[in-house]
Amino acid sequence: MERIVYMDHASATSLSPEVKEAMMPYLDEVFWNPSVVYDLGSRVKDAIEDAREKVADLINAEPDEIVFTSSGAEANNLAIKGIAFANPKKGKRIIVSAIEHHSVLNSARFFERLGYEVTFLPVDRYGLVDPERLKKAISPDTVLVSIMHANNEIGTIEPIKELCEIAHENGSFFHTDAVATVGNIPVDVKELGIDLLSLSGISLGAPKGTGALYFKKNTRLMPLIHGGIQERGRRAGTENVPGIIGLGKAAELRVKNLEERAKKLTSLRDRLIQGVTSSIPKVHFTGHPEKRLPNHASFCIEGIEGEALIFMLSANNVYANTGSACASKALKTSPVLVAIGLSDVVAQGSVVFTLDESNSPEDVDHVLNVLPQVARRLREMSPVWKE
Amino acid sequence: MERIVYMDHASATSLSPEVKEAMMPYLDEVFWNPSVVYDLGSRVKDAIEDAREKVADLINAEPDEIVFTSSGAEANNLAIKGIAFANPKKGKRIIVSAIEHHSVLNSARFFERLGYEVTFLPVDRYGLVDPERLKKAISPDTVLVSIMHANNEIGTIEPIKELCEIAHENGSFFHTDAVATVGNIPVDVKELGIDLLSLSGISLGAPKGTGALYFKKNTRLMPLIHGGIQERGRRAGTENVPGIIGLGKAAELRVKNLEERAKKLTSLRDRLIQGVTSSIPKVHFTGHPEKRLPNHASFCIEGIEGEALIFMLSANNVYANTGSACASKALKTSPVLVAIGLSDVVAQGSVVFTLDESNSPEDVDHVLNVLPQVARRLREMSPVWKE
Amino acid sequence: MYSQKVMEHFSNPRNTGEIPQADGVGEVGNPACGDMMTFYIKVKDGRIEDVKYKTFGCVAAIAVSSMVSEMVKGKTLEEAKTITNKAVAEALDGLPKQKMHCSNLGAKALKEAIKDYEIKVLGKEHESELAKKNVKRTAECTHCGVSNPITAKFCMNCGEKMED
Amino acid sequence: MYSQKVMEHFSNPRNTGEIPQADGVGEVGNPACGDMMTFYIKVKDGRIEDVKYKTFGCVAAIAVSSMVSEMVKGKTLEEAKTITNKAVAEALDGLPKQKMHCSNLGAKALKEAIKDYEIKVLGKEHESELAKKNVKRTAECTHCGVSNPITAKFCMNCGEKMED
Ligand SMILES: Cc1ncc(COP(=O)(O)O)c(C=O)c1O
Ligand SMILES: Cc1ncc(COP(=O)(O)O)c(C=O)c1O
Ligand code: FES
Ligand code: FES
């Protein structure tokens, strides 16, 4: 059989048998609505609360600080809109980094129409936000600072604790989009000190369409989805019960082997980075070399365009991503890659590998065999490429 | 084996083997993110579009008029906030009926803080909104009228087509929360003429945590969840793929036997209504006797309280609801029952049966055996009850 | 959600009913709000010789009144007066947080019955009805705990309907 | 998402490369925007004797240039000029809606090459560069189709980033 190498785990992962099995009963046997009064409803309710505990455990939070959402994007929207709408008196400025996920950027921009000002903090060539910049940008009317824990396109991990302290000195709330980190590196909300944190099932081995927002106890939050008393009034709508159970199980599994997993993936990642940068000329390794997700290797290959690259890789049984899964069909230069100072042309040739425990050193070697060939082929027919 | 009678199908239904089977592959085998560029992503994307077609078919819409959401509540929030935020020039008045679901009521009330006025239309003793009332209440600055297709607590079906015409003559958008009707009676968006319609998986035999909003082509809509380009920019976040596939399959199954199902349930319903009203003194049948959901029978039993009633029924293997699943734990008198003119005391004794094809005439007879006994026991110990 | 003890008392409530010529009757709650209890006591030699009640309310309300009746039967009036909501809830192996308010009702109704007896039989004055006109400017949402103006119909924070 | 024909041309693009002493060269697009094509033609007796190209761009862009090269090889210049975007897309069994813009590029680059040839060899004048300064006040969002002010960076309606 031909080797198939899937290295796009940040976009989606096949559910493990454990996670799948945990969910199954909640599709038919244990089907009751968790909100009903009779005792059968409590069985489902209890299972949800159990999942909430497991998710809380993964990030060292209390269970009642967790709201389940339908995605990481919803968690980001709930954080930003929830804080801004609930705290109008603090002021009308929101600060985000220039490399946030669309769901953060566009939630912030939504408030521009409501008379808010949004400040975008630049990053350095590694994608790091400079705390000094935040100090300068922050103002008494800044209600919220939102800076992602790690960037999904370049893998850089931001100095959240330091940034959060600056926000708190100013009396501003601090939110971090931790979709790329939770489940990949240890994340401790108390240690970080933040007020709100978003996570998504997709980076945990949980089903798609699941996520959660951590909010520090007593944080005022306007619901994004108004209605009934589900999630203690923070988020209405009948719960995606199987999804929540799957998220809980996945969180439980990750808690157990977080360190070991990170170690394994770091070694694969470094083998990949080392191999790519040494075998392909004019390749730009993107993001920070050390402050970096263990499962993440990203590059820009000069002279070629990302979509063609991804397709030709997939024709050779290698599956990777170009930029974020969301942006990849929007045919635009990635704002993240522009923000770290790459030219538009170079940024076109973006390729991102995200690893998982199912990947082996042989997988990496396969990529190291295929990628240079593919790059060469595409460069040969590129009017932009000159040897 | 003892007979267990579950008659709370509006709260939740066990997935049919067909629906469950349709979802299964999307948990592991076909796990790719639908937004990725490589061909495997298209397989998932195509499956989502297929589901979209099936949901559209169920309500005679076009596929590109459907946005998938994570619940009926989210669909209601998206409709109301989406229209109000996207059309600020039209004006700052929103009209809803007094008996809307919490997710509609609270979405509308959210705008009160933003300087909007919300008008609540009263209903008659059957729960019907009088079109003349809407004519009087509507004003040039009314941006949106939202009136539910059928009420979940009393089963009454509203004259949507007529109400919608009044809104349109005024240049206002019209939304209907059709969570209680879609899948239970034929719903045709073109025939109704409405601009927006919400539906939920829970009333279709689809998984919990699924829903959809229909919006007429070219309707301006501000996203509720901002971010990437999923759902063509209307709703960000990685899709709940198995949920969407389940919703599509469930819609397909309902299209096929909608009429036959309604006929069967109507006869069970009438047997239940007939039996309850004739065997229990001082019981109030709620809602409209004819303009009524085929699967819905609702009552208020004087002298007793709903939660105790539901628990004692469940101790006798009968599962029913009291008011809406959301409100049932809020310990408040149902606003719907107050709106139809019942006194607070009477409204406490609310019990709602929602039927499904899995229910038989014998189930109904079991309820007719148990309910009068339970009512008698609770009344015996009630200080409010006098023979 | 309910303990087995609660369910057991709910399914088989003790001492239900009225006492036709009761020495004291106490009524609390309001059926319009979903809960009302009437306690009846028969007193002999300073002891609660018999106790009965009628309850309109939820599972917790019924279990609480049953438990209160068991706890005070045979007790002296002074002993009975010391019964706390907490003790009732504990005797029931706990009550869900949002139902604690029921446990208050049971003890309250009983104490009202004792007061009624003391006024009728002993001539004691009713204490000035709990100086309960403490003018509140804010109300806490029972769902999310955030303070709201008392005029708020829905919680500003979580959007849930405010209890009146 | 792509037709088999597209994938086939992408995987095995025909006529790739440069023509060192080309009679006409046409270049369109901008690599900074993700797509650029350069077409080279050799003309003999008013016919396109040879055609080659280099393409920087997506799968569709590569397939389109390959298809255009096949379609015009051996054709007269006048025939080649009549090639339409639609014809190219059809020959590829269709292109995804959001990729139609690529099909334009292929025909455009070829026509630029013909123009270049005509100027260089026949002395024809370039037509005044498409009166393309039609001052637009609004831009349509490519996702939801709603009109936005040209200054909008994100669609007012769906929030998606606006194309420049
Ligand atoms: C009339 C009505 N609208 C909306 C909803 C909310 O649907 P969901 O539970 O999927 O959020 C319900 C749920 O019971 C309902 O009955
Ligand atoms: C950094 C980051 N934030 C948020 C999201 C959105 O998560 P979801 O896809 O669950 O909506 C993603 C998804 O790729 C992400 O990478
Ligand atoms: S009747 Fe009051 S909460 Fe139980
Ligand atoms: S390169 Fe332009 S859309 Fe293909």
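Proteins get letters first, then strands, A, B, ... in listed order; numbering begins at 1 in each.
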Task: Closest non-hydrogen atom pair between B:A236 and A:S71, with its separation - done: O-OG, 4.4 Å
Task: Region of B:A320 in contact with chain A, defined by heavy-atom distances below 4.5 Å - done: backbone
- [ ] Specify which of A:V104, A:I310, A:L224 makes the most heavy-atom pairs with chain B at under 4.5 Å.
- [x] A:L224
Task: Side chain, backbone, both or neither of B:E239 within contact of chain A (heavy atoms, under 4.5 Å) - done: backbone
Task: Short side-chain to backbone donor-acceptor contact, A:R113 and B:A86, under 3.5 Å - done: no
- [ ] Let me know if B:T13 has heavy atoms under 4.5 Å from chain A in its side chain, its backbone, both or neither.
- [x] backbone
- [ ] State, yes or no, whether a side-chain contact exists between B:V36 and A:N321 at a heavy-atom distance under 4.5 Å.
- [x] yes
Task: Closest contact, heavy atoms only, A:A73 versus B:G237 - done: CB-CA, 3.5 Å
TODO: Please confirm whether the backbone N or O of A:P242 pairs with a side-chain atom of B:K208, one donor and one acceptor, at under 3.5 Å?
DONE: no
Task: Residue among B:D8, B:N77, B:V19 with most heavy-atom pairs under 4.5 Å to chain A - done: B:N77
Open item on the list: For the OG atom of B:S11 and the CZ atom of A:F31, what is their distance to the nearest 0.5 Å?
Closed with: 10.0 Å
Open item on the list: I need the B:E74 CD to A:T69 OG1 distance, nearest 0.5 Å.
Closed with: 10.0 Å
TODO: Counting only heavy atoms closer than 4.5 Å, note whether A:F85 contacts chain B via side chain, backbone, both or neither.
DONE: both
TODO: Dump the intermediate steps for side chain to side chain donor-acceptor pair (under 3.5 Å) on A:R235 and B:S70, then the final yes or no.
DONE: CA-CA 11 Å; A:R235 199 241 184 211; B:S70 69; 2.8 Å; yes
Task: Residue part contacting chain A, namely of B:S314, when any heavy atom lies under 4.5 Å - done: side chain
Open item on the list: For B:L114, which atoms come within 4.5 Å of any heavy atom of chain A: side chain, backbone, both, or neither?
Closed with: side chain
- [ ] Check each atom of A:S103 against the heavy atoms of chain B and say whether the ones under 4.5 Å are side chain, backbone, both or neither.
- [x] both
Task: Heavy-atom proximity to chain B below 4.5 Å, by part of A:N76 - done: neither
Open item on the list: Please verify the inter-ring angle class for B:Y38 with A:Y319; under 30° counts as parallel, over 60° as perpendicular, anything in between as tilted.
Closed with: perpendicular
Task: Segment of B:I202 engaging chain A (4.5 angstrom heavy-atom cut-off) - done: side chain
Task: Under 4.5 Å from a heavy atom of chain B, the part of A:F311 involved - done: side chain
- [ ] Pick one of side chain, backbone, both or neither for B:D28, based on which atoms fall under 4.5 Å of a heavy atom in chain A.
- [x] both
Open item on the list: Is B:L40 in contact with chain A via its backbone, its side chain, both, or neither, using a 4.5 Å heavy-atom distance?
Closed with: side chain
Task: Validation row: B:H226, A:K81 side chains within 4.5 angstrom (heavy atoms) - done: yes
Open item on the list: Let's go through A:K20 and B:M24 carefully: what are the C-alpha distance in whole Å and the side-chain angles of both, what is the deciding distance for side chain to side chain contact (heavy atoms under 4.5 Å, CB included) to 0.1 Å, and is it a yes or a no?
Closed with: CA-CA 9 Å; A:K20 192 175 165 180; B:M24 282 306 103; 4.1 Å; yes
Open item on the list: Quick check against the 3.5 Å criterion: does A:N240 have a side-chain atom that pairs as donor or acceptor with the backbone of B:G209?
Closed with: no
TODO: Can you tell which part of A:L78 gets under 4.5 Å to a heavy atom of chain B, answering side chain, backbone, both or neither?
DONE: neither
